[in-house]
Amino acid sequence: MSTPLSQASQGDGEIRTETTGSIGWLIVDNQPKRNALSLAMWRALPAALSRLDDDEAVRLIVLTGAGGRSFVAGADISEFAETRSTAEKAKAYDAINVAAFEALKTAVKPTVAMIRGHCLGGGLGLALACDLRLAATGAVFGIPAARLGIAYPLAAIADIVQASSASVAKRMLFTAERVTAEDALRLGLVDELTEPGDLEARTEALGKTIAANAPLTLRAAKRAVNAVAAGARPEAMAEAAAAGQTCFESADFKEGRNAFLEKRNPVFTGR
Ligand code: COA
């Protein structure tokens with residue numbers, strides 16, 4: 001692809017969106033700081049994501065870092081003396097981080113983190129808030145919180161425990177050591193590893209497979225898996241069940257049945 005990911009960063013960093021075919025790209029762009037997120041970028045992420053989620057042409061959202069060198073090197077530490085200077089401010093900062101994680105989890109469309117290079121701190125939190133993770137060899141993962149004397153957001157800790165295990169989460173948090181891409185695959189932190197040169201093509205191929213499937217089924221599946229993973233609370237389970245019911249009343253269900261019987265590929269519209 002002629003890639004929007006290699007464009008130069010503008011000013012102090014930004015969250016950009018691009019679309020190519022049915023993929024909506026959500027790009028963290030702060031290349032001089034290895035794509036660290038400033039508070040303004042954390043704040044901007046949910047609205048940028050929502051633009052892609054609302055775009056009918058987009059079937060899958062890919063979160064990635066600009067420039068090909070880093071995914072996200074965490075939150076912008078140079079702002080911490082101001083943005084996290086008291087427990088009260090830190091709580092407000094945390095809430096903004098968590099809102100970004102929640103936005104990815106509750107996006108109607110499937111989200112995929114495409115990871116090259118540094119995936120640290122809040123960057124790992126963002127990756128784990130996505131539905132799926134593809135990484136390139138050479139990527140490095142870690143949670144430097146204990147080296148900085150800050151607490152890692154609870155929501156992001158929950159995601160590591162869920163993706164991997166309590167002891168993996170504790171080891172990463174206690175040691176603040178880097179985990180290689182191969183180990184991240186083994187530990188369940190990423191779903192697939194490719195060579196760096198193949199990462200974009202592999203992501204696009206996965207995107208194409210997902211984009212060809214029925215959007216209402218994907219939406220119902222995402223809600224159901226999230227509801228179960230979050231502890232199967234009754235309201236969340238009821239919402240997921242309702243999303244499942246919608247599939248059976250959809251034009252796409254008719255299209256899926258007809259396409260099977262007519263031995264052709266279905267063309268779904270999300271209705
Ligand atoms: N916040 C603010 N600035 C950051 C940053 C972050 N999270 N991560 C990198 N940068 C800045 C560096 O300060 C440096 O700025 P400078 O050019 O003005 O000196 C620039 O990005 C390049 O970083 P550098 O350390 O020189 O590059 P590197 O390739 O040797 O190492 C990292 C890259 C990401 C491994 C290293 O910068 C790092 O450890 N960053 C901190 C990661 C972190 O602790 N994240 C969690 C935050 S809660």
Side-chain angles (χ1 to χ4, degrees), residues 5-16 27-45 63-102 104 113-130 133 135-160 163-164 168-184 189-190 196 199:
L5 310 181
S6 53
Q7 288 173 16
S9 281
Q10 305 276 316
D12 290 335
E14 59 180 345
I15 304 293
R16 292 194 281 113
I27 304 161
V28 177
D29 192 348
N30 192 5
Q31 294 171 55
K33 292 187 175 179
R34 306 289 184 261
N35 295 332
L37 268 91
S38 63
L39 185 56
M41 291 166 75
W42 282 109
R43 277 212 181 96
L45 193 144
L63 171 68
T64 198
R69 183 168 185 175
S70 299
F71 176 68
V72 172
D76 185 339
I77 301 166
S78 67
E79 292 183 336
F80 285 2
E82 171 52 31
T83 55
R84 288 172 137 176
S85 57
T86 61
E88 199 60 30
K89 278 188 173 180
K91 200 172 157 190
Y93 188 98
D94 217 62
I96 292 163
N97 286 189
V98 172
F101 303 147
E102 270 306 301
L104 286 161
M114 186 179 93
I115 305 164
R116 269 201 194 92
H118 310 106
C119 180
L120 302 173
L124 180 59
L126 287 172
L128 288 169
C130 291
R133 285 152 288 286
T137 53
V140 286
F141 300 80
I143 310 170
R147 288 224 185 101
L148 294 161
I150 57 172
Y152 196 58
L154 268 176
I157 291 178
D159 288 339
I160 301 175
S164 189
V168 166
K170 285 176 182 165
R171 191 182 166 112
M172 290 183 81
L173 286 157
F174 291 175
T175 64
E177 280 174 0
R178 306 262 177 84
V179 169
T180 63
E182 289 72 16
D183 282 345
L189 298 175
V190 299
L199 183 64

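Just the heavy atoms: all of them, side chains too, but no hydrogens, waters or symmetry mates, feed the values below. Both ligands and their constituent atoms are indexed starting at 1 by order of listing.
For the pair V28/L63, a side-chain contact is recorded, criterion being any heavy-atom separation below 4.5 Å from C-beta on. Two residues are said to be in side-chain contact when any heavy atoms from C-beta on lie closer than 4.5 Å; R178 and L120 meet this criterion. Counting only heavy atoms from C-beta outward, the side chains of R69 and N35 never approach each other to under 4.5 Å. Residues L124 and Y152 have side chains in contact (heavy-atom distance under 4.5 Å, counting atoms from C-beta outward). Between L189 and M172, the closest side-chain pair of non-hydrogen atoms falls below 4.5 Å. Between T137 and E182 the shortest side-chain heavy-atom distance falls below 4.5 Å. Looking at heavy atoms from C-beta onward, V179 lies out of side-chain contact with V140 at the 4.5 angstrom threshold. Using a 4.5 Å heavy-atom cutoff, the side chains of L37 and L126 are in contact.
Distances between N or O atoms of G74 and those of ligand 1 include no value under 3.5 Å. For ligand 1, the polar-atom distance check against A75 finds a nitrogen or oxygen pair separated by under 3.5 Å.
Ligand 1 has no atom lying under 4.0 Å from any heavy atom of I143. Within the 4.0 Å heavy-atom shell around ligand 1 one does not find G122. Under a 4.0 angstrom heavy-atom cut-off, G123 registers as lying outside contact with ligand 1.
Protein heavy atoms come within 4.0 Å of atom 7 (N) of ligand 1. Distance check for atom 19 (O) of ligand 1: every protein heavy atom is found at 4.0 Å or beyond. Under the 4.0 angstrom criterion, atom 10 (N) of ligand 1 counts as having a protein heavy-atom contact. At a distance under 4.0 Å, no protein heavy atom can be found next to atom 38 (C) of ligand 1. Distance check for atom 14 (C) of ligand 1: every protein heavy atom is found at 4.0 Å or beyond.
Of all protein heavy atoms, the one lying nearest to atom 2 (C) of ligand 1 is D76 OD1, 3.2 Å. Counting protein heavy atoms only, atom 41 (C) of ligand 1 is closest to I77 CD1, 3.8 Å. Annotation: atom 45 (N) of ligand 1 to nearest protein heavy atom, A73 O, 3.0 Å.
Scanning both residues, R84 and I150, for their nearest heavy atoms gives NH1-CD1, 3.2 Å. In plain terms, the two heavy atoms of I115 and A127 that are nearest each other are CD1-CB, 3.9 Å. In terms of heavy-atom proximity, E177 sits nearest to R171 at OE1-NH2, 4.3 Å.
For ligand 1, the atoms sitting less than 4.0 Å from at least one non-hydrogen atom of L148 are 44 (O), 47 (C), 48 (S), numbered in the order shown with element in parentheses. Every atom of ligand 1 with a heavy atom of P32 under 4.0 Å away is listed here by number and element: 20 (C), 21 (O), 22 (C). Interface of I150 with ligand 1, defined as ligand atoms under 4.0 Å from a residue heavy atom, comprises 48 (S). Residue A36 approaches ligand 1 through these ligand atoms, each under 4.0 Å from one of its heavy atoms: 1 (N), 5 (C), 6 (C), 7 (N).
Within 6.0 Å of the NZ atom in K170, the count of heavy atoms belonging to other residues, nucleotides or ligands does not exceed 12.
When the heavy atoms of K33, R178, R34 are ranked by distance to atom 29 (O) of ligand 1, first place goes to R34. When H118, E79, Q31, R84 are checked for heavy-atom proximity to atom 32 (C) of ligand 1, H118 turns out nearest. With atom 46 (C) of ligand 1 as the reference point, the heavy atom nearest to it among A176, P153, P144, G117 is part of P144.
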